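To keep things clear, I will list the structure first and then write my remarks on it.
Everything numeric here is computed off the predicted structure, so don't read it as measured data.
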Amino acid sequence: MPSLILFDLDGTIVDPLLGITNCVRRVCREMDLVAPDQALIRTWIGFGMRESLGQIKGLEDPKRLEEALERYWDAYREDGVFEHELYPGVTNLLHRLKRQGHRVYIVSAKPGVFARRIAYQFDLSLIFDDIFGAELKGAWQPKAEVLARLRAQGTIWPGGILIGDRGDDMRAAKAHGLHAVGVTYGYGSREEL
């Protein structure tokens, strides 16, 4: 029986670590900041970039943080979106779900403009019924808030499945009557999931 299946993007469908790391390092070079190590950047995946960049020493001033965020999104637009890797087996899984008649969506904390571009570059756009993401300029929204908006407009309904790699994904699924499926190859730990 066809059902609703929602996928998180970063850490679930694609591995964004290289692209995000390179963009953060570029911003730090351009703004004469000490770049965080990759271990810290890994903890940012799945959360808002404004809040993440705000952890870098030298970006305490809101105006400077906004400048860093603008530089980050410029770098991401130019190079970062192209430095993602599709997880093995994902394409086959998505094609199979679509052939079975399921409604398949991406629901990402990443700005929607970039989530759509990433799906397009991996030739996945036609598989998904729609791709939802955050606003480019807004503050990070927990996945539960994104799902609340989608539920209010009738796009999602209780009883479907949300597949993700973070605790935020699992909490959001439960808050909206969805079955939560955690993947352990992403960025959240088993304990977090």
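Under the 4.5 Å side-chain contact rule for hydrophobic residues, M49 and L40 share a cluster. Taken together through direct or relayed side-chain contacts under 4.5 Å among Ile, Leu, Val, Met, Phe, Trp and Tyr, L18 and W44 form parts of separate hydrophobic clusters. By the criterion of side-chain heavy atoms lying less than 4.5 angstrom apart, applied directly or through intervening Ile, Leu, Val, Met, Phe, Trp or Tyr residues, I106 is grouped together with Y185 in one hydrophobic cluster. V183 and L193 fall into different hydrophobic clusters, where Ile, Leu, Val, Met, Phe, Trp and Tyr residues are linked whenever their side-chain heavy atoms come under 4.5 Å apart, directly or through other members. Linking Ile, Leu, Val, Met, Phe, Trp and Tyr residues whenever their side-chain heavy atoms come within less than 4.5 Å leaves M170 and L9 in two separate clusters.
Remark: Y120 OH is loosely packed, at most 12 non-hydrogen atoms of other residues, nucleotides or ligands lying under 6.0 Å away. Within a 6.0 Å radius of CG in D37, other residues, nucleotides and ligands contribute more than 12 heavy atoms. Around the CG atom of D61, the shell of radius 6.0 Å holds more than 12 heavy atoms that belong to other residues, nucleotides or ligands.
Between G46 and A109 the shortest heavy-atom distance is O-CB, 3.6 Å. Nearest heavy-atom pair across I45 and P16 is CG2-CG, 3.8 Å. Nearest heavy atoms, C23 versus G80: SG-CA, 3.7 Å. Closest approach of G54 to L65, counting heavy atoms only: N-CD1, 3.6 Å. In terms of heavy-atom proximity, R50 sits nearest to L69 at NH2-CD2, 3.3 Å.
Side chain of R29 to backbone of A35: no donor-acceptor contact under 3.5 angstrom is found. Using modelled atom types, no side-chain atom of E70 and backbone atom of A68 make a donor-acceptor pair closer than 3.5 Å. Proximity of a side-chain donor or acceptor of D168 to a complementary backbone N or O of K143 within less than 3.5 Å is detected.
Put simply, CG on D8 and CG on L162 are 7.5 Å apart, with the number rounded to the nearest 0.5 Å. Taking NZ of K110 as the start and CD1 of I131 as the end, the distance is 12.5 Å to the nearest 0.5 Å. Here the straight-line distance linking atom CG of L93 with atom CD1 of I163 works out to 6.5 Å at 0.5 Å rounding. For the atom pair CD1 of I56 and CE of M31, the computed distance is 9.0 Å after rounding to the nearest 0.5 Å. Taking CG of L59 as the reference point, atom CG of L53 lies at 6.5 Å (rounded to 0.5 Å). Rounding to the nearest 0.5 angstrom, the gap separating the CG atom in L6 from the CD1 atom in I156 is 6.0 Å.
Put simply, the side chain of R64 reaches to within 4.5 Å of the side chain of L33, judged on heavy atoms. In this structure, K98 and F128 have side chains that are not in contact, with every pair of non-hydrogen atoms separated by 4.5 Å or more. In this structure, the side chains of H102 and L4 stay at 4.5 Å or more apart for every pair of heavy atoms. Contact of the F114 side chain with the H84 side chain is not registered, since no non-hydrogen atoms from C-beta on lie closer than 4.5 Å. No side-chain heavy atom of R25 sits under 4.5 Å from any side-chain heavy atom of C28. Within the 4.5 Å cutoff, no side-chain heavy atoms of R151 are placed close to those of W157. Between D10 and D165, every side-chain heavy-atom pair lies at or beyond the 4.5 Å cut-off. Side-chain atoms of H95 and T91, non-hydrogen and from C-beta on, do get closer than 4.5 Å to each other.
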Under the ring pair (Phe, Tyr, Trp, His ring centres under 6.0 Å) rule, what do Y105 and F7 come out as? Steps first, then yes or no, please. CA-CA 6 Å; Y105 297 93; F7 284 89; over 10 Å; no
CA sep, side-chain torsions, deciding dist, call: L17, Q38, side chain to side chain contact (heavy atoms under 4.5 Å, CB included): CA-CA 8 Å; L17 185 60; Q38 197 172 58; 3.7 Å; yes
Hey, mind stepping through L124 and L86 against side chain to side chain contact (heavy atoms under 4.5 Å, CB included) and telling me if it holds? CA-CA 10 Å; L124 301 175; L86 194 62; 3.9 Å; yes
Applying side chain to side chain contact (heavy atoms under 4.5 Å, CB included) to V24 and Y72, what does each step give before you reach the verdict? CA-CA 7 Å; V24 169; Y72 176 84; 3.9 Å; yes
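Ion pair E66/R71 not flagged as a salt bridge, since none of the NZ, NE, NH1 or NH2 atoms sits closer than 4.0 Å to an Asp/Glu carboxylate oxygen. Salt bridge status for R166 with D169: absent, with no side-chain N to carboxylate O gap under 4.0 Å. With respect to D79 and R26, a salt bridge is recorded, a charged nitrogen being found less than 4.0 Å from a carboxylate O. In summary, K63 and E67 do not engage in a salt bridge, as defined by a charged side-chain N under 4.0 Å from a carboxylate O.
Ring-plane geometry between Y76 and W73 is classed as perpendicular, the angle between the planes exceeding 60 degrees on a 0 to 90 degree scale with a lower cut at 30.
For the residue pair Y187 and D15, a side-chain donor N or O sits within less than 3.5 Å of a side-chain acceptor on the partner.
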